[in-house]
Protein chains: 2
Amino acid sequence: MADDGALSSRPGAAKPRSRIQRRNRKKILEAALDVFSQHGFRGATLDQIAGRAGMSKPNMLYYFDSKEAIHVELLNALMSEWLAPLEALQDAEDPVAEIMGYVRSKMEMSRVMPRESRLFAGEILQGAPRMAPHLKAALKPLFDRKCALIRGWSESGRLAPVDAEHLLFTIWAVTQHYADFEAQVDVLMPEKEAAWRRACAHVEGLFMRLLTPAREAGEI
Amino acid sequence: MADDGALSSRPGAAKPRSRIQRRNRKKILEAALDVFSQHGFRGATLDQIAGRAGMSKPNMLYYFDSKEAIHVELLNALMSEWLAPLEALQDAEDPVAEIMGYVRSKMEMSRVMPRESRLFAGEILQGAPRMAPHLKAALKPLFDRKCALIRGWSESGRLAPVDAEHLLFTIWAVTQHYADFEAQVDVLMPEKEAAWRRACAHVEGLFMRLLTPAREAGEI
DNA sequence: CCGGTTTTTTACCATTTGGTAAAGTCACGA
DNA sequence: TCGTGACTTTACCAAATGGTAAAAAACCGG
């Protein structure tokens, strides 16, 4: 279905890319991340992206076949990076610490990569029209695997009894909120610097209380 | 600032509206909620909205001056409804129960009014370009008032010590997640009916643990 | 420095889209 | 039933936008 291999002479086709190609493709994707994350797919214009990438629209279309191609490439390229912390979740001696590490990673990503968070959020908000297949194919299996892992922890008593699926949902919701709703947070809490430390402390406390098994709860 | 009183002969100006005006304005706003919440402001087209409202584009523009006017009217009309549960938060004998009631209200709203949730989410995601003034003017004072209330509860010991501001953020994040990220939730948890009960149970448990004062924690 | 290849620019184009003008059509009270 | 104002339709328009063609320029191995 992907027209990737059809035109073997087009820049987007084969692996070997010249220095200038790599540089310009990177500039375009960087600019596209800016614009798509702020305006959504339909709200973004090629002129905007090209302008921010420092080149003309036709020149940009020399590197990518279409607006949609840029968007798809961007989402695919970011997907693995975005899911890496969840991928890294694995069996360990202390499941609480393991999950808390995941929570911290996600908070850090929210602070460092807010545009990526908003890009995904916008895509999901609109019903994931261009990402639903990818979600079913890549995210769902990963999600199921990690839920099974968490369920095992709960059943072994090393983790408080929790609903694994909804635990992940709430972790995503809370951590990504600070990136996705940044505009609102900024209005309500003007002092950003201090707010971040407080946010992390609050979020860690929230999940700490949820995850710590009831017996001997004084280990913190 | 609002151009409401400028053209006194236009339908959008004065209060007294005929039966047919009220009916058509309502149909337009209902259709606009559908389309704006799914595609965002720039992604929505007047033809789409008009089509879903069962009338022609020029006819629709007889009732609203512009696309932006529809969007603004929609947001303003929904704002109070959306914030009503927070507005209702007040001093009570049992602060934990009071906040848990708020959490339940928000979960219920996420289920019953997902389009409204997504409309606001999309607006905030894009930096709240058309809502920032409203947020500063209406939401900020309300938010500050309720945070003070919660802080008072915490200081009096009837509520566990919590960061009031971030408590509200996390309540919003978690509850609205089920509406805003519905597409993702659907992919990951196909059985919707059961999922909702589990979601409510999980969310209530999460905040219950956070809010209950440490001493005599067995009251649940 | 030369010839072919890659990259960039200039000049376009068709469609979509928000919005308008003006000619109807309808409702309803005198 | 007739006229007046409220409502609706038809026919448009200008700007924006995704995308293309082809000429021009830059690059690069030999």
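Order of the sequence lines sets the chain letters (A, B, ...), proteins ahead of strands, with each chain counted from 1. On a predicted model such as this, the values are computed, not experimentally measured, just so you know.
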Donor-acceptor contacts under 3.5 Å from residues 192-199 of chain B side chains, at least two apart:
from, atom 1, to, atom 2, distance (Å)
K192(B), NZ, E182(B), OE2, 3.2
R198(B), NE, D163(A), OD2, 2.7
R198(B), NH2, D163(A), OD1, 2.7
R198(B), NH2, D163(A), OD2, 3.1
R198(B), NH2, E165(A), OE1, 2.9

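- Not a single side chain to side chain donor-acceptor pair (under 3.5 Å) links R23(B) to another residue, sequence neighbours left out.
- The phosphate of dT8(D) has neither OP1 nor OP2 within less than 4.0 Å of any side-chain N or O from Y62(B).
- In this entry the distance linking CZ of F64(B) with P of dT20(C) reads 15 Å, nearest Å.
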Encode nucleotides 23-30 of chain D as B, S and - characters from 5' to 3', where the letter depends on protein heavy atoms closer than 4.0 Å: B to the base, S only to sugar-phosphate, - to neither. --------
Atom pairs, N/O to N/O, protein against nucleotides 9-19 of chain D, distance under 3.5 Å?
from, atom 1, to, atom 2, distance (Å)
dT17(D), OP1, R42(B), NH2, 2.8
dG18(D), OP1, A44(A), O, 3.2
dG18(D), OP1, K67(A), NZ, 3.0
dG18(D), OP2, L46(A), N, 2.8
dG18(D), N7, K57(A), NZ, 3.0
dG19(D), OP2, K67(A), N, 2.8

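- Under the side chain to side chain donor-acceptor pair (under 3.5 Å) criterion, R145(A) pairs with no residue at all, not counting sequence neighbours.
- R23(A) has its CZ atom 17 Å from the P atom of dT6(C), to the nearest Å.
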Would you tabulate the side-chain donor-acceptor contacts of residues 49-59 of chain A under 3.5 Å, counting partners in other chains and residues two or more places apart, or write 'none'?
from, atom 1, to, atom 2, distance (Å)
R52(A), NH1, D34(A), OD2, 2.9
S56(A), OG, N59(A), N, 3.3

What pairs of donor and acceptor atoms, side-chain ones from residues 73-91 of chain A against any protein atom, are under 3.5 angstrom apart with sequence neighbours left out?
from, atom 1, to, atom 2, distance (Å)
E73(A), OE2, R25(A), NH2, 3.1
N76(A), OD1, H134(A), NE2, 3.4
D91(A), OD1, W153(A), NE1, 2.9

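- One N or O on the side chain of H202(B) and one on the backbone of H166(A) form a donor-acceptor pair closer than 3.5 Å.
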Which side-chain N or O atoms in residues 101-109 of chain B pair as donor and acceptor under 3.5 Å with protein atoms at least two apart or in another chain?
from, atom 1, to, atom 2, distance (Å)
Y102(B), OH, W172(B), NE1, 2.8
R104(B), NH1, E204(B), OE1, 2.9
S105(B), OG, G101(B), O, 3.1
E108(B), OE2, R111(B), NH2, 2.9

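- Taking side-chain N and O atoms only, Q21(B) has no distance below 4.0 Å to OP1 or OP2 of dA6(D).
- With sequence neighbours excluded, no residue forms a side chain to side chain donor-acceptor pair (under 3.5 Å) with S110(A).
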